[in-house]
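Below: the structure, in structure tokens.
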Amino acid sequence: VVFESPRRLESLVRDVVKELGERRIAVARELTKLHEEVIRGRASEVLARIEGTPPRGEVVVVIEGAAELEPPSIDELVEEARRLIATGLRAREAAAAVAAAHGGSANAVYRALLGPADGADARPAGEPGGP
């Protein structure tokens with residue numbers, strides 16, 4: 001939610017198109033007053049409607065939030081952890097760092113790093129009992 005001057009509104013919407021892409025936005029003018037007006041649509045559509053004719057009065061802009069990204073697979077998390085291990089982190093630390101960065105479970109990443117539970121040589125390098 002952004003409170004903006006009518007004189008800067010067009011510039012703001014241009015910036016939304018440039019920096020955030022085609023998010024949905026709503027431009028509301030004179031809320032709770034006699035001449036209340038709301039323009040909704042994709043940022044470029046709203047820009048086309050307000051271009052050259054700034055609204056009068058108080059303006060509020062509501063910008064759609066970013067779309068949620070697909071969470072990485074356990075294989076992608078393990079690969080990221082392995083890259084951290086190659087820089088010198090221990091496997092447990094790397095698993096915790098990757099899990100914290102992606103909102104996952106450090107134990108799940110660590111278990112996946114260990115691989116099959118068929119012996120000590122399944123442990124990653126840098127861990128006790130590992131190669």
Side-chain angles (χ1 to χ4, degrees):
V1 176
V2 180
F3 299 96
E4 187 59 276
S5 160
R7 292 182 301 253
R8 293 189 306 257
L9 178 63
E10 189 174 326
S11 175
L12 171 75
V13 177
R14 279 186 203 287
D15 287 346
V16 168
V17 171
K18 179 181 172 187
E19 299 296 328
L20 303 177
E22 282 299 319
R23 294 200 187 170
R24 293 179 299 173
I25 66 171
V27 175
R29 155 183 112 76
E30 295 293 301
L31 288 175
T32 72
K33 297 182 182 158
L34 181 63
H35 300 290
E36 181 177 310
E37 176 185 20
V38 179
I39 301 170
R40 294 179 185 90
R42 296 278 171 205
S44 62
E45 297 166 350
V46 172
L47 180 60
R49 289 192 54 195
I50 64 169
E51 232 168 2
T53 55
R56 297 177 130 189
E58 300 166 346
V59 177
V60 178
V61 181
V62 180
I63 304 169
E64 176 182 39
E68 288 191 32
L69 299 176
E70 184 72 27
S73 70
I74 191 70
D75 293 333
E76 292 168 323
L77 295 176
V78 167
E79 282 305 310
E80 187 174 335
R82 285 190 178 131
R83 286 192 296 274
L84 291 175
I85 291 168
T87 67
L89 281 181
R90 296 177 58 89
R92 177 65 71 185
E93 295 166 336
V98 169
H102 297 285
S105 164
N107 285 334
V109 175
Y110 185 70
R111 280 193 305 270
L113 268 170
L114 295 180
D118 60 350
D121 30 308
R123 292 187 177 273
E127 286 298 305

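Throughout, numbering of the chain's residues begins at 1 and tracks the sequence.
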Qualifying salt bridge (Lys or Arg N to Asp or Glu O under 4.0 Å) pairs, either residue in residues 99-108, two or more places apart
none
Listed partners of Arg56 passing side-chain hydrogen bond (donor to acceptor under 3.5 Å, both in side chains), at least two apart:
none
Could you pull out the closest heavy-atom pair between Pro6 and Pro54, with the gap in Å?
O-CB, 3.4 Å
In chain order, what residues pass the salt bridge (charged side-chain N to carboxylate O under 4.0 Å, His left out) check against Glu10, with sequence neighbours excluded?
Arg14
What closest approach, in Å, do Glu30 and Gly57 show between heavy atoms, and which atom pair accounts for it?
OE2-CA, 2.8 Å
With sequence neighbours left out, the residues meeting side-chain hydrogen bond (donor to acceptor under 3.5 Å, both in side chains) with Arg82 are Glu79
With Glu64, which residues qualify under side-chain hydrogen bond (donor to acceptor under 3.5 Å, both in side chains), at least two apart?
Arg24
For Leu84 and Ala97 the tightest heavy-atom approach is CD1-CB, 4.0 Å
Apply salt bridge (charged side-chain N to carboxylate O under 4.0 Å, His left out) to Glu22 and list each qualifying residue two or more places apart in sequence or on a separate chain.
none
For Glu37, give me all partners under side-chain hydrogen bond (donor to acceptor under 3.5 Å, both in side chains), at least two apart in sequence or on another chain.
Arg29
May I ask you to decide if Ala48's main-chain N or O and Glu51's side chain share a donor-acceptor pair within less than 3.5 Å?
no
For Arg8, is there any backbone N or O sitting under 3.5 Å from a side-chain donor or acceptor partner on Ser11?
no
Only counting residues at least two apart or in another chain, list the ones meeting side-chain contact (heavy atoms from CB on, under 4.5 Å) with Lys18.
none
Residues in side-chain contact (heavy atoms from CB on, under 4.5 Å) with Ser105, at least two apart?
Asn107, Ala108
Output the rest of the hydrophobic cluster of Leu47: all Ile, Leu, Val, Met, Phe, Trp and Tyr residues reachable through side-chain heavy-atom contacts under 4.5 Å, sorted by chain and number.
Val2, Leu9, Leu12, Val13, Val16, Leu20, Ile25, Val27, Ile39, Val46, Ile50, Val59, Val61, Ile63
Using only atom types and a distance under 3.5 Å, with no angle test, would you say the side chain of Glu36 pairs donor to acceptor with the backbone of Thr32?
yes
side-chain contact (heavy atoms from CB on, under 4.5 Å) with Ser73: which residues, sequence neighbours excluded?
Asp75, Glu76
Which residues pass the side-chain contact (heavy atoms from CB on, under 4.5 Å) test with Ala96, sequence neighbours left out?
Ala106
